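All values below come from the heavy atoms of this structure, side chains included, with hydrogens, waters and symmetry mates left out. Computed from a predicted structure; not experimentally measured. Lettering follows sequence order; numbering is per chain, from 1.
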Amino acid sequence: MSVLELGRDCMLEVRGVTFGYDGEAVLQNVDLRIGQRDFLAIIGPNGGGKTTLLRVILGLERPWWGQVHWYHRPSRGRIGYVPQFSTFDRNFPLSLEDAVLMGRLGQRGPLRRYHREDRLAVARVLERLKLADHARSPIAELSGGQMQRALIGRALVAEPEILFLDEPTASVDAETRTVLSALLQELNTRIPVVVITHDATSIAAQVKQIACVNRRLWYHGSGELTNEQLEEAYGCPVELIAHGVPHRVLGEHSHSHHGH
Amino acid sequence: MDELRLLFRYEFIQNAVLAGLLASVLSGLVGTFVVVKRLVFIAGGISHAAFAGLGICFYLGLNPLIGAVAVAVVAAVVLAWLGEGGAGRSQDAYIGILWAAGMAVGIVFIHMTPGYAPDLMVYLFGDILTVTRNDVYLLASLVALVLLIMMLLYKEFVAVAFDETFSRVQGIPVRLLTMLLLVLVALSVIMLIQVVGIVLLIALFTLPPVVALMLALRSFTLVLLVAVLLAMLMTSGGLAGSYWLDIPSGPAIVLFGVVIAALVRIAVWLRSRLRSGVPGM
């Protein structure tokens, strides 16, 4: 297990959280610590509670039991959050630029207009994400990959102190993957990055920690999970994680597991 | 032209046009949020619930609009609260109940009012020609209030409409803003009752924004502006049509709007066909 000294390297801690919907627990007694320089992949089967765990951490849901404790709570508007882009109304009348500008919302506070420096921050981020040419395009005209980068841009203009991404690599193009991968690596030298994914291969090279969520949570600091842990949690193609991470080989996934 | 100038000498015509223009501002601004946030059914519920307040004040001999404002605002707050999980997933059904119950209470009180109740049809289907100068002043102050709130909280309203979850993570008081938006809907509903009536006002909330959304996708502010202008075209054009064709003003405004929407939809479709350059054409 990773040796994190409580309160020093640890940014936040999920303590014994149980939460669910309609009286049915989706998460059961979940513990998790996220360190200051962690690059944590939260993996697990669909419906296993990955996104629910993220919602609890973000304070969007109040756990039935347990709590989320921040050792270093980011200031207002400084939590980077990249939602799944498939859940969006793409026909909303907004230019790419204006959508990204919303990342400055929390810092600007109510009753204030956006400043010039906000727009400059947006321009810098769009440049970084290779979206500058599309700044004035309506979001309805963006490709899936461009939209995904726009959502990442929106999180980045907030100059976040921690970054959460929900399925950032689902159905995106090669350019987006390349940009994303370099970007996350660079960000991780300063802030913790937490990626929810069902496809760990696309970001495997950067991942330092893995948590597997399926109602309960299995954590491994070094990115290794034992076969027993994986089988208990999963029952789906976990061998994916090992691709591209030769120095951190996971045990071969045994194909003999029976249906859960 | 002379006939038009002559017409505008009449105060009731002036009042009607002013009321139409003021209502258009709200129809475009608040209506656009109603459409993009999918609150059309809620807006319908609030407007029909308002009929209860209208009926009660009618019975008590007070200005019916005061009762309508009070009930509409309360209904908006209750619906916002129900929407926050207070009622589980059945907010939809509760809106339906509020809708019918509001109408029932209103009708009962108007029925109990001694004497003939000629104004019932006016409130249900609107008659912009009955708007008084005092009504215009009331409308103008409500418009000013809505405009002020919208301007102060504009970027928050747009952000919440686009992405509620992200706004919450950013520390925006989403629930409060949603409730405030519904209160603005309620206030706007009262003004639109004057123009097209309870039954038809949903047209003013939906037609201008829907057409504006067909025309502009690049900027939310542009959509708001276009929607306001379209609503003004709808109300003034409908009013003129009701005069020339001698039909009631409420339905004339709504039908004129439907014609505009259909024409714009066809034009947009034709343009996209031409742009895609069908081979052999």
Region of Arg90(A) in contact with chain B, defined by heavy-atom distances below 4.5 Å: neither
Residue Ile139(A) versus chain B: region with a heavy atom under 4.5 Å: side chain
Heavy atoms of other groups near Glu127(A) CD, more than 12 under 6.0 Å: no
Heavy-atom side-chain contact between [X] and [Y] under 4.5 Å:
X         : Y         : answer
Asp163(B) : Arg154(A) : yes
Arg218(B) : Leu94(A)  : no
Val160(B) : Met102(A) : no
Leu222(B) : Pro93(A)  : no

Close approach to chain A in residues 139-149 of chain B, criterion heavy atom under 4.5 Å: none
Phe166(B) CZ to Leu151(A) CG distance, which is reported to the nearest 0.5 Å: 8.5 Å
Pairwise distance CD(Glu97(A)) to OG(Ser219(B)) - rounded to 0.5 angstrom: 11.0 Å
Nearest heavy atoms of Thr165(B) and Arg55(A), plus distance in Å: CG2-NH1, 3.9 Å
Over all atoms of both residues, closest heavy-atom pair of Val158(B) and Phe92(A): O-CZ, 4.1 Å
Pair Phe220(B)-Asp98(A), side chain to side chain contact (heavy atoms under 4.5 Å, CB included): steps then yes or no: CA-CA 9 Å; Phe220(B) 197 81; Asp98(A) 288 345; over 6 Å; no
Donor-acceptor pair, side chain of Arg76(A) and main chain of Gln170(B), under 3.5 angstrom: no
Proximity breakdown for Ala161(B) and chain A, heavy-atom pairs closer than 4.5 Å: both
Pairs of heavy atoms under 4.5 Å with chain B: top-ranked of Ile79(A), Leu96(A), Leu60(A): Leu60(A)
